[in-house]
Novice: 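Before anything else, here's the structure in question.
In what follows, chains carry the letters A, B, and so on, assigned in the order in which the sequence lines appear, proteins first and then strands, with residues in each chain numbered from 1.
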Number of protein chains: 2
Amino acid sequence: MARAKTGANLPHCYEFPMVSVAVDCAVFGWDINDGLHVLLIERGEKPFGHALPGGFVRAKQENLETAARRELEEETGVSNAHLEQFHAYGDPERDDRGNHVISVAFFALVRRIDHTPRGGTDADTADWYPIQQARSLKLAFDHQTILSDAIDRLFEKLRHDPIAFKLLPRKFRLREVQHLYETALGQEVDKRNFRKKLLEMGLLEDTGETESDVRHRAARLYRFNNAEYEKRSRQGWKFDI
Amino acid sequence: MARAKTGANLPHCYEFPMVSVAVDCAVFGWDINDGLHVLLIERGEKPFGHALPGGFVRAKQENLETAARRELEEETGVSNAHLEQFHAYGDPERDDRGNHVISVAFFALVRRIDHTPRGGTDADTADWYPIQQARSLKLAFDHQTILSDAIDRLFEKLRHDPIAFKLLPRKFRLREVQHLYETALGQEVDKRNFRKKLLEMGLLEDTGETESDVRHRAARLYRFNNAEYEKRSRQGWKFDI
DNA sequence: GCAAAAGTGTTGGGGCTACACCCATGA
DNA sequence: TCATGGGTGTAGCCCCAACACTTTTGC
């Protein structure tokens, strides 16, 4: 999908030099045993190494979010993610292949169990990396900056928006929620106070089910009541943890 | 600055059709007598009517923020604004002149007294409009959506970031701060409690001066201590109102 | 019965809300 | 002296933080 400047037929001509537009996604997945992970591509072409999934927007055919969903599906097999655009990156030198490429970055939240990554259409492979490890890799282009911004934004947003429930399984234990928030806040929280706050908020429904296959007392499973959240949201209520 | 498709020399050729990249700015100004205003251009060309100041990014020459500053300066004479990128708009049909133009939108905060708007380099004229009035205008392209998002974002951000002091004069009365917050929150706040909170926060310095030319008791003038704010910020402290 | 996590109540203190009056100034 | 906004103190309440033990289950 690179905009070649060499070669025979370059049929699309303009008065001024043009910028290319790409989208990139920081896809996050959560697992109570493993913590927060991000989905990275191991590139099979030009700038080798790891990178965020993404690619060029198809002019006149799609908007930014559609492009992001398409690239995500093509490169990693992930579909139906919760997508949120968070920043555009536009330094002229950010793509070291020479073109001026601006990239609109999204973060994406998925339930990790639903998404065993698969490789892309070409030689690329996609895989989950713990965020600590991902942070220590040398990513292509300015993807390390993008990833770092995405993580900051995700942690910030978890506090003011109930997007945690896009990461957690549909039926979850309270302790999973707590663990996720401890990761986001960077500190431990008091179990009793956290549960009280969460339950008294009135957005969690007891499914009546409990976990199974554990060798200790089984935890109740809860479900997030999104309809109720949206109702209150329209009335000006604000989620906060 | 339009990317003409007609005409003789179109020297920049590509393998694929290209997207154009623009930046647009919602410039906000505040005045205690007048409330919140936004700076709009009255366009002298093609899609006539009002629009946000902005224009195309110069490929290979500038990044997004630089482009926004340049366009702001060229079209309205505004310089040294506080700029924050907030969203990118990319629907293929959003520019009704036919090209696929994505726009990276910024909101800009200025001290209105410093900026008497002046016209642009061409036939355009720039002027302040109260936000209520601006909201009721039919703006060019999807600028009404952009403006509306910018206002929402500004109001939200005022609560978690001391950006109010980018809108207020360098030396301000407490009542001005209160008025601005009442606008942002959409509700009145208690004078005593508001002052207490603000002063006990310890980020406002008494300048020792008072306002003049008023026919009632003169108010003290305060200054925002940005150095202190940044220091605390680095220590993890969070502004909140 | 033991290991491992689930689940639960109370208390004290700090911060927020609510509320009303005097002060300084210019006309 | 009056009109106009500037400036201040307190009491009650609610919410948040701190804190430790009992329950269930599988092995």
Novice: For residues 207-214 of chain A, which residues have at least one heavy atom under 4.0 Å from DNA chain C?
Specialist: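 Here the set is empty: none.
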Novice: Between A/Asp24 and A/Gly55, what is the shortest heavy-atom contact and its length?
Specialist: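 Shortest heavy-atom separation between A/Asp24 and A/Gly55 comes out as OD1-N, 4.4 Å.
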Novice: Name all residues meeting the ring-ring contact (aromatic ring centres under 6.0 Å, His included) criterion together with B/Tyr89; count only those two or more places apart in sequence or in a different chain, and write none if there are none.
Specialist: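 ring-ring contact (aromatic ring centres under 6.0 Å, His included) check on B/Tyr89 returns B/His87.
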Novice: With sequence neighbours excluded, tell me which residues meet ring-ring contact (aromatic ring centres under 6.0 Å, His included) with B/Tyr229.
Specialist: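 Expected list: none.
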Novice: Hey, could you give me each pair passing salt bridge (Lys or Arg N to Asp or Glu O under 4.0 Å) that has a residue in residues 125-134 of chain B? Not counting sequence neighbours.
Specialist: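 For residues 125-134 of chain B: none.
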Novice: Residues in salt bridge (charged side-chain N to carboxylate O under 4.0 Å, His left out) with A/Arg112, at least two apart?
Specialist: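 Partners of A/Arg112 under the salt bridge (charged side-chain N to carboxylate O under 4.0 Å, His left out) test: A/Asp34.
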Novice: Test of understanding: with side chain to side chain donor-acceptor pair (under 3.5 Å), list the residues that count as partners of A/Glu156, not counting sequence neighbours.
Specialist: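 Partners of A/Glu156 under the side chain to side chain donor-acceptor pair (under 3.5 Å) test: A/His160.
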Novice: For residues 214-227 of chain B, run the donor-acceptor check on the side chains, cut-off 3.5 Å, and write out each pair with its distance to 0.1 Å, sequence neighbours left out.
Specialist:
unit_1   : atom_1 : unit_2   : atom_2 : d
B/Arg223 : NH1    : B/Glu205 : OE1    : 3.0
B/Asn225 : OD1    : B/Ala227 : N      : 3.4
B/Asn225 : OD1    : B/Glu228 : N      : 3.0
B/Asn225 : ND2    : B/Glu205 : OE2    : 3.2
B/Asn226 : ND2    : B/Glu230 : OE2    : 3.4

Novice: For residues 168-191 of chain A, which residues have at least one heavy atom under 4.0 Å from DNA chain C?
Specialist: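 By residue number: A/Arg175, A/Lys191.
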Novice: Partners of A/His50 by ring-ring contact (aromatic ring centres under 6.0 Å, His included), sequence neighbours excluded?
Specialist: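 Scan of A/His50 (ring-ring contact (aromatic ring centres under 6.0 Å, His included), adjacent residues dropped) gives A/Tyr129.
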Novice: I'd like to check the side chain to side chain donor-acceptor pair (under 3.5 Å) partners of A/Asn63; sequence neighbours left out, ordered by chain and number.
Specialist: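 Residues passing side chain to side chain donor-acceptor pair (under 3.5 Å) with A/Asn63: A/Thr66, B/Asp91.
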Novice: Let's see if you get this right: which residues in residues 192-201 of chain B place a heavy atom under 4.0 Å from DNA chain C?
Specialist: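 Those residues are B/Arg192, B/Asn193, B/Lys196.
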Novice: Specify the separation, in whole Å, of atom NE2 of A/His216 and atom C1' of C/dA5.
Specialist: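 A/His216 atom NE2 is separated from C/dA5 atom C1' by 5 Å.
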Novice: Would you state whether a donor and an acceptor, one from the side chain of A/Arg217 and one from the base of D/dT23, lie under 3.5 Å apart?
Specialist: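 Yes, the side chain and the base share a sub-3.5 Å donor-acceptor pair.
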Novice: Could I get the full list of side chain to side chain donor-acceptor pair (under 3.5 Å) partners for A/Asp190, not counting sequence neighbours?
Specialist: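 Expected list: A/Asn193.
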